[in-house]
Amino acid sequence: MREINELTDVEDPAWPVLGEELRKAAVPVEVLDPDPGEGAAALLQMQVTVRSYLGAVVLHSGGMFLDDGWLRVYGSPAAGNPRRMPGLARVNAFPAETDPAWLPAAGLVVAHDVLGGVFAIQGGPGERAGLPGQPGEMVYFAPDSLGWDALGAGYGAWLSWMLSGGTEEFYEGLRWPGWREETRGLDGEQGLSLFPPLWSAQAHQDLAATSRKAVPMAELLGLERETGRELDEADPGFLGEW
């Protein structure tokens, strides 16, 4: 395993470039303060350098809320942070002590959206990971289809796209008038549950007419996984640890 200085003392670190993208973002962005110790521990477990956007986010931020809280990207926040944002290590159930033999079961979960959508980095060959795409590619668990899709890009390109306004295109047809007011006040452990549920035809007939309430993200993800098993007779797998 590489030591922490080998992961952090690199040429061309990504954070200055990413910081400029954050300042010029086309959507509202709230970046939380990091816990340096937690960030360093997460880097050691992942063995990624801060030359990557993933390493930069994990070491230099406590995570971020994008587009008025619609999308939550995980970093290394301080325990007990007022926004109740979980860290990447917690969401992926990293071992308490660095373990060179530990790997994510399928992919590394790096973000959730308010609807219970899951963004992950594909972690290995499809037959082992059970996910579409290639190793290192971003994949998305869609709450309206209860299935995974490959996005055709890595983490850095995906994050840049989201910051440049990609959420508008990506979530076309999945937003309703006044959604910002509903998402802005939610914390990092909450999502929105819709009824009729998002995977039903009734919901898409008139999304604005659905009833919506804030629920724990753990509850939302658990319901999606259970429903996926029942409807498709297939387990979507790990969607994040809460």
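All residue numbers in this chain count up from 1 along the given sequence. Source: prediction; values computed, not measured.
Of the residues D149, V118, L131, the one that meets the side chain to side chain contact (heavy atoms under 4.5 Å, CB included) test with V139 is L131. The only option from M64, R83, R184, M85 that meets the side chain to side chain contact (heavy atoms under 4.5 Å, CB included) definition with E30 turns out to be R83.
You'll find the side chain of L18 reaches within 4.5 Å of the side chain of L163, heavy atoms only. For the pair L43/E38, no side-chain contact is recorded, criterion being any heavy-atom separation below 4.5 Å from C-beta on.
Looking only at atom types and distance, the side chain of D68 has no donor-acceptor partner in the side chain of T183 under 3.5 Å away.
Cation-pi contact between R51 and W15: absent, since separation from the ring centre below 6.0 Å together with deviation from the ring axis within 45° is not met. No cation-pi contact links R212 to F195, judged by a cut-off of 6.0 Å to the six-membered ring centre and 45° from its axis.
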E21 vs Y53, side chain to side chain donor-acceptor pair (under 3.5 Å): CA-CA, chis, key distance, verdict: CA-CA 11 Å; E21 289 188 38; Y53 271 32; 2.4 Å; yes
**Item:** Step-by-step side chain to side chain donor-acceptor pair (under 3.5 Å) determination, Y74 to N92
**Value:** CA-CA 10 Å; Y74 298 119; N92 288 280; over 6 Å; no
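Ring-centre distance between Y140 and F170: below the 6.0 Å cut-off. For an aromatic pair to be called close, the ring centres must be under 6.0 Å apart, and F94 with W102 satisfies this.
In summary, D235 and R225 engage in a salt bridge, as defined by a charged side-chain N under 4.0 Å from a carboxylate O.
Residues V50 and M1 do not share a hydrophobic cluster, defined by chaining ILVMFWY side chains whose heavy atoms lie under 4.5 Å apart.
Ring-plane geometry between W176 and W70 is classed as tilted, the angle between the planes lying from 30 to 60 degrees on a 0 to 90 degree scale.
Interatomic distance, R229 CZ to E224 CD, rounded to the nearest 0.5 Å: 12.5 Å.
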